[in-house]
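Here is the structure we will look at, set down as structure tokens.
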Amino acid sequence: MNAFNLIPKLIRASFDSDRKTIEALSLAIIKRIKKDHPDTAGEIAKALTYSGFDNATARSLDMQPLPVDRETRYSLVKLEEPSEVLDPILEDFARKELDDFLKERELINTFLEEGITPPNSILLDGQPGVGKTYIAKWISYKLNLPLITLDLASSISSYLGRSGQNIKSIFEYARSQNAVLFLDELDAIAKRRDDTGDLGELKRLVNVLLTELESCPSTCIIIGATNHPELLDKAIWRRFDRSLTIPMPSEKEREKLMLRHLDKYVSRLKKETLAYLSKNMVNINAADVCKLCEHIKRQCLLNPELSCDLVALSEFCKITHFPSREEKVLICKTLKNEFDDLSQRDISYITNIPLTSVSRYLSIKTIVKGV
Ligand SMILES: Nc1ncnc2c1ncn2[C@@H]1O[C@H](COP(=O)(O)OP(=O)(O)O)[C@@H](O)[C@H]1O
Ligand SMILES: [Mg+2]
């Protein structure tokens with residue numbers, strides 16, 4: 001079929017406001033005319049790319065009303081205009097994967113001109129507090145597109161029975177916008193279909209979600225996030241072009257997070273304190289590292305008579321537990337070993353262990369290992 005024969009279909013699809021067919025037909029036309037009419041093919045590609053709005057203010061004014069639950073009239077999604085978000089602090093491999101995703105969006109015209117469907121979805125998994133929601137906001141900022149967030153964990157339970165219809169209207173809305181659709185807590189819906197304890201409703205929802213994901217045009221960007229990748233249906237994984245496990249921050253990232261969040265208070269900390277904290281905050285997620293920095297800053301202000309190092313180490317000890325005597329001995333000895341100018345009173349303050357016990361623990365002869 002040549003390009004001319006596709007025109008009636010394209011016109012019909014336009015009158016029906018059938019975006020998916022319009023996009024598929026436009027791609028087919030580009031493919032057929034690219035060689036002989038490269039300029040026209042380029043124009044069609046551009047029209048496809050910019051088939052939404054092109055400036056943030058106009059976008060917010062022109063936006064359709066948000067989709068609502070038919071009975072309660074509550075909004076089903078949250079809509080946020082892109083606003084500045086600092087780069088996420090991540091290991092190189094994760095950062096590269098995200099950069100590639102953004103680059104593919106920048107090259108969308110080239111993809112379309114080549115007749116290649118550009119990738120439009122990414123699934124983020126990882127423990128709580130590693131930055132999945134933050135990354136979704138950052139992508140929205142980098143692409144200068146509004147963020148439509150659907151928190152499945154809260155919406156599923158409140159709209160059970162009408163969730164299928166709600167999900168359809170959310171996707172319909174997302175398709176009509178040039179936006180990033182963020183499906184947070186995806187596991188709340190995407191339970192494995194072979195799970196015997198599964199409710200029929202959840203199974204139906206998975207199918208609705210699969211169909212909707214399938215029919216999303218490439219101009220609509222979808223980010224999924226889950227803390228429980230093992231609960232996700234394999235078919236859902238397959239619907240995403242990319243998947244990325246966001247790792248817990250390692251020592252290097254923990255240090256970068258502290259430098260960013262302690263801000264000017266960094267200069268009030270000794271290098272050794274910063275290095276000690278970054279090294280020993282093992283298994284502490286990025287969100288908690290940020291929270292710890294806020295606590296340190298607040299306590300430094302509240303206790304100007306104390307050194308920031310003392311405050312920082314004490315705040316760190318509050319989130320690290322030393323349940324056994326061995327662990328208490330170890331932290332006292334480690335602190336003494338790493339910071340020779342700490343008095344026993346300082347160590348008692350930092351660890352919240354009574355001074356007499358600190359004194360006893362420090363007199364015990366053991367080999368000091370890092371905590
Ligand atoms: N990788 C990161 N880089 C920078 N800040 C981060 C990162 N991860 C988490 N944060 C901080 O912690 C907060 C909470 O993280 P969040 O994105 O809600 O985690 P998740 O969605 O994975 O549970 C963020 O708003 C941000 O301030
Ligand atoms: Mg989150």
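Model, not experiment: these values are computed from the prediction. Atoms within each ligand, like the ligands themselves, are counted from 1 in listed order.
- In the hydrophobic cluster analysis, where Ile, Leu, Val, Met, Phe, Trp and Tyr join through side-chain heavy atoms closer than 4.5 angstrom, Tyr361 is grouped apart from Leu355.
- If you check which protein heavy atom lies closest to atom 13 (C) of ligand 1, you get Ala287 CB, 4.0 Å.
- Under a 4.0 Å N-O distance rule, the pair Asp151/Lys78 does not qualify as a salt bridge.
- Short contacts between ligand 1 and Lys132, defined as distances under 4.0 Å to a heavy atom of the residue, involve ligand atoms 17 (O), 19 (O), 20 (P), 21 (O), 22 (O), 23 (O).
- Every atom of ligand 1 is numbered from 1 in the order shown, and the set under 4.0 Å from a heavy atom of Pro128 is 23 (O).
- Among the atoms of Tyr134, some N or O lies under 3.5 angstrom from an N or O of ligand 1.
- Closest to atom 23 (O) of ligand 1, if we only count protein heavy atoms, is Gly129 N, 2.7 Å.
- Near Ile89, the atoms of ligand 1 lying under 4.0 angstrom from a non-hydrogen atom of the residue are 1 (N), 2 (C), 3 (N), 4 (C).
- When each of Arg239, Lys168, Arg175 is tested with Glu212 by the rule salt bridge (Lys or Arg N to Asp or Glu O under 4.0 Å), just one qualifies, namely Arg175.
- Of the protein's non-hydrogen atoms, Gly131 N, 3.2 Å is the one closest to atom 19 (O) of ligand 1.
- The closest approach between a heavy atom of Leu257 and any atom of ligand 1 is below 4.0 Å.
- Contacts between Asn285 and ligand 1 below 4.0 angstrom, taking non-hydrogen atoms only, are absent altogether.
- In the vicinity of Leu90, heavy-atom distances shorter than 4.0 Å reach the ligand 1 atoms 1 (N).
- Under a 3.5 Å cut-off, the side chain of Arg254 and the backbone N or O of Lys279 do form a donor-acceptor pair.
- At a threshold of 4.5 Å between non-hydrogen side-chain atoms, the residues Asn285 and Asp288 count as touching.
- Phe111 and Leu143 end up in different hydrophobic clusters when Ile, Leu, Val, Met, Phe, Trp and Tyr side chains are linked at under 4.5 Å.
- Proximity of a side-chain donor or acceptor of Ser121 to a complementary backbone N or O of Asp241 within less than 3.5 Å is detected.
- A salt bridge links Lys297 with Glu294; the closest basic N to acidic carboxylate O contact falls under 4.0 Å.
- Using a cut-off of 2.8 Å, one finds that Tyr134 contributes no N/O/S atom close to the Mg ion (ligand 2).
- Of all atoms in ligand 1, listed by their number and element, those nearer than 4.0 Å to a heavy atom of Ala286 are 7 (C), 8 (N), 9 (C).
- Numbered from 1 in the order shown, with element, the atoms of ligand 1 that lie under 4.0 Å from a heavy atom of Cys290 read 11 (C).
- Asn2 CG to Ile29 CD1: the interatomic distance, rounded to the nearest 0.5 Å, is 10.0 Å.
- Distances below 4.0 Å separate heavy atoms of Thr133 from the following atoms of ligand 1: 17 (O), 18 (O), 21 (O).
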